[in-house]
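Have a look at the structure below, then the notes.
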Amino acid sequence: MNKLSVFSLLCVMSVSCTAQDIVLPTPNKTGGKPLMEAINDRRTTREFSDKDLDEQTLSDLLWAAYGFNREEMRTAPSANNKQEFTIYAVTKSGVYAYDAAANTLIQKVKGDFRAKTGGQDFVAVAPLNLVYVADLTKGGAPASDVGFISQNVYLYCASADLGTVVRGWFDKAEVKEALQLSETEEPVLTQTVGYKK
Ligand SMILES: Cc1cc2nc3c(=O)[nH]c(=O)nc-3n(C[C@H](O)[C@H](O)[C@H](O)COP(=O)(O)O)c2cc1C
């Protein structure tokens, strides 16, 4: 059965999905560079090609960032295990929330809002901008917890030969509007990912 058929079947079975949601392929949890090589290659990139990331890469990247690697536990630690973050993926086609349990990108807004996620030119060119959004009602320690997620992305990118830059330079109000966030949802940090130019 191809991917589209599986997706249609899930929708017919009333699993929560719409035509715009993206059911990601199962993340590949093996392979990549050995850890010490990935650490050695970790660095910031600010020049990106506009080539899209395929769904397998998106799945692997998001799982590495903040997926579940044990029962209800994540690849990134959080203070008191509050797991207060949701990763938003902003692409050419829309704004999506990463649902790690369903391994699905839930479309929140349709359209290209990449340029709204930061003040640097490359944000509108790179295929993916991640926005790390904390649910302020959950507690935790967002300012420090976000660093672990971001570093997971840095290491995945080093391992997969992708470019990335974590970014504090963005307009919070503009991001909140573009992502249609509520009062209690706070964009803490952003991170651009794509192929290096
Ligand atoms: C919290 C934080 C915010 C950052 N914000 C930006 C940013 O807005 N734009 C940018 O180009 N780089 C940003 N960076 C990337 C740093 O400039 C970069 O990590 C630093 O120059 C060291 O380079 P390296 O990552 O290659 O080791 C940020 C890094 C951190 C940790």
Side-chain angles (χ1 to χ4, degrees), residues 32-53 57-58 60-67 74-92 95-98 100 109 112-136 138-181 184-197:
K33 288 181 193 169
L35 178 63
M36 295 301 264
E37 281 178 38
I39 291 173
N40 192 49
D41 290 343
R42 189 220 62 84
R43 66 208 55 214
T44 289
T45 304
R46 295 186 184 85
E47 287 187 37
F48 297 90
S49 119
D50 61 1
K51 184 180 168 198
D52 283 331
L53 300 172
T57 303
L58 270 177
D60 298 353
L61 165 73
L62 290 165
W63 178 79
Y66 201 51
R74 307 252 186 186
T75 55
S78 59
N80 295 113
N81 190 27
K82 293 297 182 185
Q83 302 186 20
E84 71 273 23
F85 276 92
T86 296
I87 300 182
Y88 280 70
V90 183
T91 72
K92 212 180 277 177
V95 173
Y96 302 84
Y98 172 52
V109 192
D112 187 353
F113 291 90
R114 289 175 297 170
K116 301 278 185 191
T117 69
Q120 292 164 284
D121 288 347
F122 58 75
V123 300
V125 175
L128 178 66
N129 286 285
L130 301 173
V131 181
Y132 303 127
V133 176
D135 178 344
L136 300 178
K138 285 191 176 169
S144 44
D145 293 343
V146 74
F148 297 99
I149 301 172
S150 166
Q151 180 74 345
N152 280 353
V153 171
Y154 262 109
L155 291 176
Y156 172 79
C157 288
S159 173
D161 240 346
L162 292 169
T164 191
V165 50
V166 69
R167 297 183 290 102
W169 178 9
F170 63 91
D171 183 320
K172 217 163 246 191
E174 198 166 21
V175 169
K176 283 188 85 159
E177 191 185 347
L179 273 54
Q180 298 184 9
L181 301 178
T184 56
E185 291 172 308
E186 180 85 348
V188 178
L189 215 51
T190 61
Q191 188 157 5
T192 302
V193 178
Y195 292 98
K196 294 178 230 170
K197 206 165 179 183

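First listed ligand is number 1; within each ligand, the first listed atom is number 1.
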Mind checking whether Tyr88 and Leu130 have side chains closer than 4.5 Å, heavy atoms only?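 No, side chains not in contact.
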Kindly assign one of parallel, tilted or perpendicular to the pair Tyr66 and Phe85, based on the angle between their ring planes and the thresholds 30° and 60°.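 Taking Phe85 first and then Tyr66, their aromatic rings stand perpendicular (interplane angle over 60°).
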Out of all atoms in ligand 1, which are within 4.0 Å of some heavy atom of [X]? Include the element for each.
{"X": "Trp169", "answer": "8 (O)"}
{"X": "Gln120", "answer": "7 (C), 8 (O), 9 (N), 10 (C), 11 (O)"}
{"X": "Arg43", "answer": "26 (O)"}

Could any protein non-hydrogen atom be found less than 4.0 Å from atom 20 (C) of ligand 1?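 Looking at atom 20 (C) of ligand 1, one finds that no protein heavy atom lies closer than 4.0 Å.
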Under the 6.0 Å and 45° cation-pi test, does Arg42 pair with Tyr154?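 Arg42 over Tyr154 ring: yes.
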Give me the residue, atom name and distance of the protein heavy atom closest to [atom].
{"atom": "atom 18 (C) of ligand 1", "answer": "Thr44 OG1, 3.6 Å"}
{"atom": "atom 5 (N) of ligand 1", "answer": "Gly168 N, 2.9 Å"}
{"atom": "atom 1 (C) of ligand 1", "answer": "Leu189 CD1, 4.1 Å"}
{"atom": "atom 13 (C) of ligand 1", "answer": "Val166 O, 3.0 Å"}

Side-chain donor-acceptor pair present, Arg167, Gln120, cut-off under 3.5 Å: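 Checked: Arg167/Gln120 side chains show no N/O donor-acceptor pair below 3.5 Å.
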Which heavy atom of Ala65 sits nearest a heavy atom of Val153, and at what distance?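 Closest approach of Ala65 to Val153: CB-CG2, 3.5 Å.
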Nearest heavy atoms of Val193 and Ala126, plus distance in Å: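 Between these two residues, the closest heavy atoms are O-CB, 4.0 Å.
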Could you go step by step and tell me if Lys82 and Asp135 meet the salt bridge (Lys or Arg N to Asp or Glu O under 4.0 Å) rule? CA-CA 10 Å; Lys82 293 297 182 185; Asp135 178 344; over 6 Å; no
Counting heavy atoms only, name the option from Arg167, Arg42, Arg46 that's nearest to atom 12 (N) of ligand 1.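 Nearest option to atom 12 (N) of ligand 1, by heavy atoms: Arg46.
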Per-residue contact class, Val165 against ligand 1 - non-hydrogen pairs under 4.0 Å: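 For Val165, only side-chain atoms sit under 4.0 Å from ligand 1.
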